[in-house]
Amino acid sequence: MGAIPGNIETNQPPPMTIPLRHFIVGLGFLLVGVLLGLGIAVDAVPGLGTLAHVHLLLAGWVCITIMGAMTQFVPVWSGVTLHSQRLASAQLTLVVVGLLGFATGLVLDSLVWLIPFGALMLAGFWTFVYNIARTMASLDSYDVTERHFLLSVGFFAVLTLLGFLLAVDFTHPLFADLAIDRTNVVGMHATLAVFGAVLTTVYGALYQLATMFTQTELHGIDDYLRPVEELGHPVGVVLLATGRFLDAVFVARLGAVLVVAAALAFSAILGRKLYEMQVDWTPMHTRYAVAAPGLAAWALVSAPAWLRAPTAPENLLGAPGAVHLLVLGAIGFVVLGTLYHIIPFIIWVHRYSDLLGLEEVPMIDDLYDDRLAATDATLLASGTLLLVLSAWFGLSSTGQAVGGVLVSLGIVVFGTNMLLVVRDHSPHSLGRILLGSLDPRRTATPAGESPAKE
């Protein structure tokens, strides 16, 4: 990984501007990814546009959002001090510059760019891994969320190294000399990325968020379902990735069974928490309510394909027709739903928390526009459903195009709603937020109160 810079601040909690900056930058990558996807749909993007599109959405939007969330949540949930604010800021800069250059190189077919910019991305992600690992090293024990996060950063470390090696292999063949099939390395890389880093983080975070924001707790059958996910998912990811790398079908099939079983178990837990909810519905809950059946449907549809051919490239993320169920229906709706609370909350803390008891202040859920929230939910849900049905039933390309447009419009509406929160309620401009000018002394939990660890 290389040496970690000296003179690092290790004795202060993270300023809330750091995760907010990650979220806003991640949103920017989401919008750019949408535009690139539309360009690909009309055959207007040259080079390896599809690969750039995937990286902008997963590495740019999802992974940068995860980096910001862990930077804020780990110190809060674990009651520890973030190892370094400077590294938390540096990780974002490295990943952003690296990803922009990487995606540009793919689109322009300038593959020589992939090595230097891929190295920057690798440095950024490993900086994140190091900072979170050092932050959690002081803990005496780990709860279910912390265990998931530790596993996730481990997956991040391995998958990003594989990604860099794949980038190098474009211009300086590595795997051919080692008699390794590049397709197998891609399969391992993608498996560790989507199911290892991303889905493990989603599960870990929702053990806290789904109970906190519904005012419920795990009980009854949840106590039997949780071990199915907590043990089965990471073991399944490792076996599935290893089986794909070695082209060992039996190993990959065993891993696939565990990953699918874990997804079904967790979707049941999330669905039960929403059913038992003790608070009023918000846009966050609505999106979680889409994610729970979306995850279960992906697992059920993908199981036959994975049992039949778990190492086949067309089954990389499950059954070919189920990819949108996983990426949009499950992961996407969880991320969007969580941001519907986290971004307004951070802005609320900086703008209104000091005014409590002195004057009337809005609630957190008053900061965004309810009509825009309803609109983006309708667009995203209907667009995702149309994409899924088009893939399942072989509908015309028109159906897929309409689904893609609906999803794109939903993302634009969501982005507009969040940026309006910043514009209308933040004491600082968007530019100052991105430059990190908010008060570094302010920290808080995602819900305004300290959740009890399990």
Side-chain angles (χ1 to χ4, degrees), residues 13-30 60-78 82 88 92 128 132 145 148-149 152 198 201-215 270 279 281-288 291 331-353 362-370 372-373 376-377 411 414-426 428 430 433-434 436 438-439 442-451:
M16 296 190 76
T17 184
I18 292 178
L20 181 60
R21 200 181 313 141
H22 281 73
F23 300 149
I24 293 176
V25 170
L27 179 58
F29 276 115
L30 174 61
W61 173 45
V62 176
C63 289
I64 286 179
T65 299
I66 286 174
M67 289 163 59
M70 280 202 197
T71 298
Q72 179 63 32
F73 294 165
V74 167
V76 170
W77 284 339
S78 302
L82 182 70
L92 179 61
F128 158 71
I132 295 300
T145 293
H148 278 77
F149 283 3
S152 178
V198 174
T201 303
V202 168
Y203 290 162
L206 286 178
Y207 276 117
Q208 287 283 0
L209 297 177
T211 52
M212 183 193 312
F213 290 133
T214 58
Q215 292 297 293
L270 180 58
V279 296
W281 280 81
T282 68
M284 177 183 59
H285 298 115
T286 301
R287 283 146 188 80
Y288 286 179
I331 296 172
F333 272 85
V334 167
V335 174
L336 292 172
T338 303
L339 289 178
Y340 250 114
H341 182 89
I342 300 302
I343 291 179
F345 172 73
I346 292 175
I347 297 298
W348 184 91
V349 167
H350 285 282
R351 176 67 181 273
Y352 299 111
S353 62
M363 302 292 288
I364 294 172
D365 291 322
D366 293 332
L367 301 192
Y368 54 77
D369 189 305
D370 289 329
L372 290 179
D376 84 57
I411 290 171
F414 166 79
T416 300
N417 210 1
M418 293 298 97
L419 292 177
L420 286 175
V421 171
V422 176
R423 188 198 70 176
D424 295 342
H425 296 280
S426 174
H428 301 283
L430 180 61
I433 291 173
L434 292 176
L438 298 186
D439 185 354
R442 290 184 180 270
T443 60
T445 71
E449 58 186 28
S450 297

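Owing to the predicted nature of the structure, the values given are computational and were not obtained by experimental measurement.
- With sequence neighbours excluded, the residues that form a side-chain contact (heavy atoms from CB on, under 4.5 Å) with D366 are P362, M363.
- Taking CD1 from I411 and CG from D376, the interatomic distance works out to 9.5 Å, rounded to the nearest 0.5 Å.
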Quiz item: Does the side chain to side chain contact (heavy atoms under 4.5 Å, CB included) test come out yes or no for T286 and W281, once each step is laid out?
Solution: CA-CA 7 Å; T286 301; W281 280 81; 4.0 Å; yes

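- For D424, there are no salt bridge (Lys or Arg N to Asp or Glu O under 4.0 Å) partners at least two apart in sequence or on another chain.
- A pairwise comparison of heavy atoms in R287 and A377 identifies NH2-CB, 3.3 Å as the closest pair.
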### Task
Give the intermediate values and the outcome of side chain to side chain contact (heavy atoms under 4.5 Å, CB included) for residues F149 and I132.
CA-CA 9 Å; F149 283 3; I132 295 300; 5.6 Å; no

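- Shown here are the side-chain contact (heavy atoms from CB on, under 4.5 Å) partners of T338, two or more places apart in sequence or in another chain: L209, Y288, V334, I342.
- A donor-acceptor contact shorter than 3.5 Å links the side chain of T214 to the backbone of A210.
- With sequence neighbours excluded, no residue forms a side-chain hydrogen bond (donor to acceptor under 3.5 Å, both in side chains) with T65.
- Taking all atoms of both residues into account, the shortest heavy-atom contact from P19 to I346 is CG-CD1, 4.5 Å.
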**OP:** Step by step, work out the side chain to side chain contact (heavy atoms under 4.5 Å, CB included) result for W77 and M212.
**Re:** CA-CA 12 Å; W77 284 339; M212 183 193 312; 3.8 Å; yes

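- For the atom pair CG (L372) and CE (M418), the distance works out to 9.0 Å, reported to the nearest 0.5 Å.
- When all heavy atoms of D370 and D365 are compared, the pair lying nearest together is OD1-O, 4.3 Å.
- Taking CZ of F128 as the start and CG of L92 as the end, the distance is 12.0 Å to the nearest 0.5 Å.
- Residues satisfying the ring-ring contact (aromatic ring centres under 6.0 Å, His included) criterion with Y340, sequence neighbours excluded, are Y368, F414.
- To the nearest 0.5 Å, the span separating OG1 on T71 from CD1 on I18 amounts to 7.0 Å.
- Contact annotation: the side chain of L419 never approaches that of R423 to less than 4.5 Å [non-hydrogen atoms, C-beta and beyond].
- The ring-ring contact (aromatic ring centres under 6.0 Å, His included) test applied to H22 returns no partner, not counting sequence neighbours.
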*Give the intermediate values and the outcome of side chain to side chain contact (heavy atoms under 4.5 Å, CB included) for residues F73 and T145.*
CA-CA 10 Å; F73 294 165; T145 293; over 6 Å; no

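- For the pair S78 (side chain) and P75 (backbone), a donor-acceptor distance under 3.5 Å is absent.
- Heavy-atom minimum distance, I347 versus V422: CD1-CG2, 4.3 Å.
- The shortest heavy-atom contact between C63 and V198 is SG-CG2, 4.3 Å.
- In this structure a side-chain-to-backbone donor-acceptor pair under 3.5 Å is present from N417 to D369.
- Here the straight-line distance linking atom CZ of F345 with atom CG of L339 works out to 14.0 Å at 0.5 Å rounding.
- Checked against side-chain hydrogen bond (donor to acceptor under 3.5 Å, both in side chains), T282 has the following partners two or more places apart in sequence or in another chain: H285.
- The structure places CG of L206 at 10.5 Å from OG1 of T201, a figure rounded to the nearest 0.5 Å.
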